[in-house]
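Computation of the quantities below employed the complete heavy-atom set of this structure, encompassing side-chain atoms and omitting hydrogens, waters and symmetry-equivalent molecules. Numbering of ligands and ligand atoms starts at 1, following listing order.
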Amino acid sequence: MLQNKHILIGITGGIAAYKILTLIRDFKKSGAEVKILATPNALNFVTKLTLQNLSQNEVFTNEFTPKNWKPEHISLADWADIMLIAPASANTIGKIAQGIADNLLTSVACAFSKKIIIAPAMNVNMWNNQAVQENINTLQNRGIEILSPESGFLACGYIGKGRLCSLEKIYNAVDEALNYQQLLKGKKVVITSGGTIEEIDPVRYISNYSSGKMGLALAKSAYDMGAEVVLITTKDIEAPFKIVKVKSAIDMQNAVNEEYENSDYIIMAAAVADYRVKERAQQKMKKGDEETITLELVKNPDILIELCKRRHSEANNKEILRCAQNDVFAEESQTKPIIVGFCAESENLLENAKTKIDKKGCDYLIANDISRNDIGFGADENEVYIINKKGDINKLEKAPKNVIARKILECINIK
Ligand code: CTP
């Protein structure tokens with residue numbers, strides 16, 4: 001499965017470095033090309049000669065021995081399909097999280113725009129250190145996959161979490177990421193997320209409890225599958241793909257319309273407010289003597305319905321053109337982009353979802369029950385039903401939102 005894949009392994013200074021020797025051999029046996037990047041400290045634990053023999057390639061340690069016109073860190077970043085850093089020390093994790101590039105390994109990581117997987121290994125107290133945990137979070141938020149260390153006997157004599165995870169886990173993560181990278185290659189995926197914010201005046205607004213987590217999980221999964229991703233969101237997010245920050249439903253609709261062109265998939269995971277105040281006050285509304293006040297609300301556009309209408313009319317125009325040109329060999333009709341809606345319901349989930357997919361005109365509807373605290377709004381897990389136009393229902397059992405995201409993308413990608 002790894003035939004001709006280019007795997008770049010960064011090794012940092014830690015006793016678990018010796019375990020990576022087996023991994024290099026496993027990757028080579030699967031047909032991959034492997035290059036090793038070792039920090040000077042890593043070479044205190046494994047020798048350059050061993051790494052060279054096993055990888056059947058030169059081992060890179062120093063930035064200042066260029067052999068061709070391109071700086072080494074750029075050549076290596078361009079060459080690799082994936083970068084694995086294992087074992088990753090607290091020091092290297094911290095530097096990558098802060099964008100510090102003071103050796104060849106951290107410079108390559110800084111210049112690397114493809115998938116990075118990090119397998120940390122360190123003393124339990126170091127792993128639990130708040131700074132290390134914050135760095136891990138930062139890296140995860142940027143789309144870097146962290147293979148958490150396991151608990152057990154540590155080389156430093158402690159027992160606890162910090163041991164490099166199993167080689168099988170690392171191998172599978174690399175294998176999966178490389179195969180996964182192909183699934184949406186060349187596709188543009190536009191995703192909306194978060195609850196829209198409808199301002200009442202400069203300090204007050206109408207919104208909802210949507211955390212944006214499901215949309216973000218979808219965006220991250222689509223990115224890992226090789227797609228060009230645009231996430232249109234009301235949340236502040238740091239990500240390796242394009243983020244368009246919006247507030248209101250109208251802003252969101254404008255952004256979606258702008259990104260519609262050339263898109264292959266549009267997934268409306270956002271919780272769009274159905275109404276906004278008729279007139280937003282320019283100044284802060286003052287409390288008067290009245291016991292009650294009334295805000296007049298007007299309906300927001302239904303972004304999903306409008307998108308489906310746009311696609312329908314573009315498909316019709318194409319069809320008319322095709323008939324006029326008598327082009328019998330051209331595609332029957334335009335199905336791009338595939339449009340997916342979400343359906344948040346607190347009762348009669350499937351009944352309402354079936355009615356909604358007809359009303360909206362989208363290809364798929366992802367239905368979730370927001371009355372449950374353990375799934376849906378704000379939760380880290382979800383359980384959804386994927387409904388298609390024909391009314392077929394596919395239940396995705398409760399799982400972390402990233403697993404659900406991935407299954408949704410796999411399901412809508414198979415036509
Ligand atoms: N949606 C939209 N524009 C709106 C309202 C909803 O694009 N003004 C989209 C959502 O992003 C979601 C789908 O429509 O993909 C369904 O949203 P939901 O809130 O479940 O349904 P509503 O259409 O708002 O209907 P209701 O509130 O009556 O359930």
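- Between the side chains of Asn352 and Glu347, not a single donor N or O lies within less than 3.5 Å of an accepting N or O.
- Two residues are said to be in side-chain contact when any heavy atoms from C-beta on lie closer than 4.5 Å; Lys188 and Tyr265 fail this criterion.
- For Ala271, no nitrogen or oxygen atom sits less than 3.5 Å from a nitrogen or oxygen atom of ligand 1, counting backbone and side chain alike.
- Around CG of Asn373, the count of heavy atoms belonging to other residues, nucleotides or ligands within 6.0 Å does not exceed 12.
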Problem - Evaluation steps, salt bridge (charged side-chain N to carboxylate O under 4.0 Å, His left out), between Lys389 and Asp363 - result: CA-CA 6 Å; Lys389 272 190 205 166; Asp363 303 291; 3.3 Å; yes
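- The environment of NZ in Lys354 is sparse: at most 12 heavy-atom neighbours from other residues, nucleotides or ligands sit within 6.0 Å.
- Under the 4.0 Å distance rule, the nearest protein heavy atom to atom 18 (P) of ligand 1 falls inside the cut-off.
- Counting only heavy atoms, the protein never gets under 4.0 Å from atom 28 (O) of ligand 1.
- Not one N or O of Lys359 is nearer than 3.5 Å to an N or O of ligand 1, by distance alone.
- Annotation for ligand 1: atoms under 4.0 Å from non-hydrogen atoms of Ala270 are 10 (C), 11 (O).
- Near Gly341, meaning under 4.0 Å from one of its heavy atoms, ligand 1 places the atoms 15 (O).
- Legend: residues meeting ring pair (Phe, Tyr, Trp, His ring centres under 6.0 Å) with Tyr223, ordered by chain and number and at least two apart, are Phe241.
- A side-chain N or O of Lys28 and one of Gln56 form a donor-acceptor pair less than 3.5 Å apart.
- Short contacts between ligand 1 and Pro301, defined as distances under 4.0 Å to a heavy atom of the residue, involve ligand atoms 3 (N), 4 (C), 8 (N).
- When all heavy atoms are compared, the tightest approach of Gly186 to Asp264 is O-OD2, 4.1 Å.
- Using modelled atom types and a 3.5 Å distance limit, the side chains of Ser371 and Ser346 yield no donor-acceptor pair.
- For Asp175 and Asn179, the side-chain atoms include at least one donor-acceptor pair closer than 3.5 Å.
- Considering backbone and side-chain atoms alike, Val272 places every N or O at 3.5 Å or more from each N or O of ligand 1.
- Close approach to Ala344 involves these atoms of ligand 1, each under 4.0 Å from a residue heavy atom: 20 (O).
- Between Ile146 and the choices Leu139, Ile117, Asn137, the side-chain contact (heavy atoms from CB on, under 4.5 Å) rule is met once, by Leu139.
- Nearest to atom 26 (P) of ligand 1 by heavy-atom distance, out of Arg276, Lys356, Met268, is Lys356.
- Inclusion of Asn300 in the set of residues having an N or O under 3.5 Å from an N or O of ligand 1 is not warranted.
- Interface atoms of ligand 1 facing Cys343, defined by a heavy-atom separation under 4.0 Å, are 20 (O).
- Taking atom 7 (O) of ligand 1 as the reference point, the nearest protein heavy-atom neighbour is Leu304 N, 2.9 Å.
- Distances between N or O atoms of Phe342 and those of ligand 1 include at least one value under 3.5 Å.
- In the vicinity of Asp274, heavy-atom distances shorter than 4.0 Å reach the ligand 1 atoms 5 (C), 24 (O), 27 (O).
- Compare Met252, Gln253, Lys360 by their heavy atoms: the one nearest to atom 1 (N) of ligand 1 is in Lys360.
- Ranking the protein heavy atoms by distance from atom 3 (N) of ligand 1 puts Ile303 N, 3.1 Å first.
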